[in-house]
Number of protein chains: 2
Amino acid sequence: MSEPLDPEMFADCSPVAAPMRIGDKWTAKIITCLESGPRRFTELRVPLRGITPKVLTESLRALERDGMITRTVYPEIPARVEYELTPLGRTLFEPMAAQCAWTREHLPELLAARQAHESAAH
Amino acid sequence: MSEPLDPEMFADCSPVAAPMRIGDKWTAKIITCLESGPRRFTELRVPLRGITPKVLTESLRALERDGMITRTVYPEIPARVEYELTPLGRTLFEPMAAQCAWTREHLPELLAARQAHESAAH
DNA sequence: CGGTATCCACGGGGATACTG
DNA sequence: CAGTATCCCCGTGGATACCG
């Protein structure tokens, strides 16, 4: 119960344990948008209200590098580009669902605690 | 499969769906440190290599505001302060475990994809 | 011991304009 | 259509020093 904390607890997980940018502002939303099938660049920009092309490109490239999505260019005119989740990318839905479940179940408690704290500080 | 994306998909979840700073640099580690029982400020600083007192204080205060931990001051000399997870705080272990499970299972694939990408870009 | 007070660096993200 | 190219803001987190 009260043994001292291991000083090396997090020694190895610094650079590698959080290599995915799932905690950033856009990635989880992008993954969600791709759940129902391949999507085009401009198509993604619609629900992703106000994301700039630069940021969307960066996010997609990062996901591609990590093997989460594929980028396919169809040689038409004008060119069509489609982004699609890989099987690996689809495994992200599990932890994402856990996050959503937590929020669904416990967000009211969190908000209540925040309210109570605000009142106490009056 | 290819119906247009709902433009309002994320309309309501912007400010409230990610109210927890679990994705930040330190919070998940702090929660982990508190799993085995209450801990003191200085005690937490040991495994949290290089966290500054300012940042640790900010993180703890945020968790306290959200009802995840309690802060108890014992009127001794010198004063002793203990941080402890609330029942609500303990519910965070579920989504955190899902994250860890994902990393354990899929990190090698991610790393391999990254390697392959690096080679391809030569 | 358990913080606070300042100051500062960095990088994610945004705004805007332009292009093959 | 699917991006690039610049420039810029701001918030997280770090460094350092000091305090009740």
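Within every chain, numbering begins at 1; the chains are lettered A, B, ... in the order of the sequence lines, protein sequences first and strands thereafter. Quick caveat, the model's predicted, so the values are computed rather than measured.
Between B/R40 and C/dG2 there is a side-chain polar atom (N or O) within less than 4.0 angstrom of OP1 or OP2.
The distance between atom CG of A/L60 and atom P of C/dG12, rounded to the nearest whole Å, is 16 Å. B/I69 places its CD1 atom 14 Å from the P atom of C/dG2, with the value rounded to the nearest Å. Distance, B/Y74 OH to C/dG3 P: 13 Å, rounded to whole Å. Spacing between atom CZ of B/R45 and atom P of C/dT4 amounts to 12 Å, rounded to whole angstrom units. Rounded to whole Å, the distance from CG on B/D24 to C1' on C/dG11 is 16 Å. Look at NZ on B/K25: it is 11 Å from P on C/dG11, rounded to the nearest Å. Here C/dC1 presents its C1' atom at 11 Å from OH of B/Y83, a figure rounded to the nearest Å. The interatomic distance linking B/L44 (CG) with C/dG2 (P) rounds to 10 Å, in whole Å.
At a threshold of 4.0 angstrom between heavy atoms, the contacts of A/R71 are confined to the sugar-phosphate backbone, with no base atom among them. B/R61 comes within 4.0 angstrom of the backbone, heavy atoms only, and of no base.
Qualifying salt bridge (charged side-chain N to carboxylate O under 4.0 Å, His left out) partners for B/E43, counting only residues two or more places apart in sequence or in other chains: B/R39. For B/A62, the side-chain contact (heavy atoms from CB on, under 4.5 Å) partners are B/R21, B/R65, not counting sequence neighbours. With sequence neighbours left out, the side-chain contact (heavy atoms from CB on, under 4.5 Å) criterion links B/A113 to no other residue. Remark: A/D6 engages no residue in a side chain to side chain donor-acceptor pair (under 3.5 Å) (not counting sequence neighbours). Applying the side-chain contact (heavy atoms from CB on, under 4.5 Å) test to A/K54 and every residue at least two apart in sequence or in another chain returns A/T52, A/E58. Partners of B/T32 under the side-chain contact (heavy atoms from CB on, under 4.5 Å) rule, at least two apart in sequence or in another chain, are A/M9, A/F10, B/M96.
You can see that DNA chain D meets the heavy atoms of chain B within a 4.0 Å-exclusive cut from D/dG13 to D/dA15, reading 5' to 3'.
In the helix from C/dC1-D/dG20 to C/dG20-D/dC1, the rotation axis of the first five pairs and that of the last five pairs differ in direction by 50°, rounded to 10 degrees.
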>> Run the side chain to side chain contact (heavy atoms under 4.5 Å, CB included) test on B/V55 and B/W26 for me, step by step, so that the C-alpha distance in whole Å, both residues' side-chain angles and the decisive distance to 0.1 Å come before the verdict.
In response: CA-CA 9 Å; B/V55 171; B/W26 297 107; 3.6 Å; yes
> Yes or no on side chain to side chain contact (heavy atoms under 4.5 Å, CB included) for A/V46 and B/L5, after CA distance, side-chain angles and deciding distance?
Replying inline: CA-CA 8 Å; A/V46 177; B/L5 290 169; 5.8 Å; no
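Applying the side-chain hydrogen bond (donor to acceptor under 3.5 Å, both in side chains) test to residues at least two apart or on different chains, the pairs with a partner in residues 67-83 of chain B are B/R71-B/Y83, B/E76-B/R80, B/R80-B/E82. Residue pairs that meet the salt bridge (charged side-chain N to carboxylate O under 4.0 Å, His left out) test with at least one member in residues 103-113 of chain B, sequence neighbours left out, do not exist here. Judged as a salt bridge (charged side-chain N to carboxylate O under 4.0 Å, His left out), not a single pair has a partner in residues 89-101 of chain B (not counting sequence neighbours).
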Are there any protein N/O atoms within less than 3.5 Å of an N/O atom in nucleotides 16-20 of chain C, and if so, which ones and at what distance?
none

